[in-house]
Amino acid sequence: MDTSAYLNSVVEQTNTVADWVNDRKATTPVPTCPKWTLADLVDHVGSTHRMVAMLVGERMTEPSEAFARYVPAPTDSAQWGAWLTGTAAEAKQAFEAVTDDTPVWDPSGAAAGVPFWSRRLFGEISVHRADAAAALGKRYELAPELAVAAIEDWLDTMTSRGYWENKPDFAAAMRGEGQTLHFHATDAPGEWLARREPDRIVMERTHGKADVALRGPAAELLLVLSRRGSLDTATGLEVHGDQALLHQWIGQMDWVAE
């Protein structure tokens, strides 16, 4: 997927969420993010759109000003739909004004800039739409190719140098001595081999033998890896090998949920 495709999906998925949440009860709990209400979820999605729109549209080389200009979501839930569709449109417009090599700050440690943020916004809404679905009893669906792209974003972000530096407790829990995990989408091309090293997680986009393998439809893989679905109740997934290692990996994937 390219930047344009990512942003088109951001707008489409945000519009779906906007329709779901508009005029709903603000205190509705979000079971996949136990500390959040529906109001928290709406605020997070829209404010993330706005922050990234500022970073990209104004070519910021550090994020403090974007954080300082945070504006919360409307308190009236009847305004949520229009607010969310507006923030997604604002983000899309910001990306249309730059190219992939425009210098923009990002937290990955890889100076990925515009491509990083286009995929990150896509990954965010792909996961948070699952949160909205869980909170409101909606059916979550995501095309296999899109789910593969969202898994790619999730795994790359969680194993990036920048994330490890900013989350030392996570880094300590995920360090290893060469243990390997293999994730395999069965309905679209997508395979990842993760190797836990003392100083990092090495990710390869390949098929390979591992200590534990998790395989199945890409959307179900995404939900389980992002802790939006339960490994114990995911009927379409198969686990082969060291289940304790897989459970430990998933148990640390609480980045967005917290």
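Looking at heavy atoms from C-beta onward, M253 lies out of side-chain contact with R228 at the 4.5 angstrom threshold. Counting heavy atoms from C-beta on, the side chains of H207 and H182 come closer than 4.5 Å. The shortest distance between side-chain heavy atoms of P63 and L55 falls below 4.5 Å. A 4.5 Å side-chain heavy-atom check between M174 and I201 finds at least one atom pair inside the cut-off. Counting only heavy atoms from C-beta outward, the side chains of Q13 and S126 approach each other to under 4.5 Å. Contact annotation: the side chain of L231 approaches that of L246 to within less than 4.5 Å [non-hydrogen atoms, C-beta and beyond]. N8 is listed as a side-chain neighbour of K92, based on a closest heavy-atom distance under 4.5 Å. Between V127 and L222, some side-chain heavy-atom pair lies under the 4.5 Å cut-off.
Atom-to-atom distance recorded for D242:CG and H247:NE2 is 10.0 Å, nearest 0.5 angstrom. We find the OG-CG distance between S230 and L223 to be 11.0 Å, quoted to the nearest 0.5 Å. Here I151 contributes atom CD1 and L221 contributes atom CG; the two are 4.5 Å apart, rounded to the nearest 0.5 Å. In this structure, the separation between CZ on R205 and CH2 on W192 is 8.5 Å, given to the nearest 0.5 Å. Distance check, rounded to the nearest 0.5 Å: CG of L142 to CD of E220 gives 12.5 Å.
Using a distance-only test at 3.5 Å, with no hydrogens or angles considered, a donor-acceptor pair links the side chain of R196 to the main chain of R175. Checking side-chain atoms of E62 against main-chain N and O of M60 turns up no donor-acceptor pair under 3.5 Å. With hydrogens and angles ignored, the 3.5 Å screen pairs a side-chain donor or acceptor of D43 with a backbone N or O of A73. With N22 contributing its side chain and A82 its backbone, the two residues share no donor-acceptor pair below 3.5 Å. Judged by distance alone, the side chain of W164 and the main-chain N or O of T159 form no donor-acceptor pair under 3.5 Å. A donor-acceptor pair under 3.5 Å is absent between the side-chain atoms of E238 and the main chain of H240, judged by distance alone. When atom types are taken as modelled, the side chain of T14 and the backbone of V11 share no donor-acceptor pair closer than 3.5 angstrom. Proximity of a side-chain donor or acceptor of R129 to a complementary backbone N or O of E141 within less than 3.5 Å is detected. Judged purely by atom type and a 3.5 angstrom limit, T16 uses its side chain to pair as donor or acceptor with the backbone of E12. No donor-acceptor distance shorter than 3.5 angstrom exists from the side chain of T87 to the backbone of R50, with no hydrogens or angles considered.
Residues L214 and L193 do not share a hydrophobic cluster, clusters being chains of Ile/Leu/Val/Met/Phe/Trp/Tyr side chains in contact below 4.5 Å.
Ring orientation note: the planes of H44 and W36 are tilted relative to one another, at an angle of 30° to 60°. W249 and F183 have tilted rings, their planes meeting at an angle from 30° to 60° on a 0 to 90° scale. Taking the six-membered ring for Trp and thresholds of 30 and 60 degrees, Y6 and F122 have ring planes inclined between 30 and 60 degrees apart.
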Inset, instruction - Apply side chain to side chain contact (heavy atoms under 4.5 Å, CB included) to the pair E65 and M54, showing each step before the final yes or no. - result: CA-CA 9 Å; E65 185 177 353; M54 286 186 278; over 6 Å; no
Inset, instruction - Evaluate the side chain to side chain contact (heavy atoms under 4.5 Å, CB included) criterion for residues F67 and S47: first the C-alpha distance (whole Å), next the side-chain angles of each, then the deciding distance (0.1 Å), finally the verdict. - result: CA-CA 10 Å; F67 286 121; S47 62; over 6 Å; no
Inset, instruction - Mind running side chain to side chain donor-acceptor pair (under 3.5 Å) on S108 and D106 for me, showing each step along the way? - result: CA-CA 6 Å; S108 70; D106 78 74; 2.5 Å; yes
Inset, instruction - Please assess T37 against D40 for the test side chain to side chain donor-acceptor pair (under 3.5 Å), listing each intermediate value before the final yes or no. - result: CA-CA 5 Å; T37 63; D40 295 322; 3.2 Å; yes
Inset, instruction - Tell me, with the steps shown, if Y70 and M51 meet side chain to side chain contact (heavy atoms under 4.5 Å, CB included). - result: CA-CA 7 Å; Y70 159 77; M51 185 195 77; over 6 Å; no
Inset, instruction - Using the side chain to side chain contact (heavy atoms under 4.5 Å, CB included) rule, take C33 and L41 through it: C-alpha gap first, then chi angles, then the decisive distance, then the call. - result: CA-CA 9 Å; C33 296; L41 177 62; 5.8 Å; no
Inset, instruction - Determine, stepwise, if the pair S160 / T157 fulfils side chain to side chain donor-acceptor pair (under 3.5 Å). - result: CA-CA 5 Å; S160 68; T157 301; over 6 Å; no
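The nearest pair of heavy atoms linking V224 to A234 is CG2-CB, 4.0 Å. Pairing each heavy atom of N15 with each of T85, the nearest pair is OD1-CG2, 3.1 Å. Of all heavy-atom pairs between F116 and P107, the closest is CE2-CD, 3.4 Å. Minimum heavy-atom separation, A173 to Q252: CB-OE1, 3.3 Å. Here the shortest heavy-atom pairing between A78 and D23 reads CB-OD1, 3.6 Å. Nearest heavy atoms, V42 versus W80: CG2-CE3, 3.7 Å.
Within a 6.0 Å radius of CD in Q93, other residues, nucleotides and ligands contribute 12 heavy atoms or fewer.
Tested against D131, the residues L136, L38, T32, V45 include a single side chain to side chain contact (heavy atoms under 4.5 Å, CB included) partner, T32.
In this structure, R119 pairs ionically with D156, as a charged nitrogen and a carboxylate oxygen lie closer than 4.0 Å.
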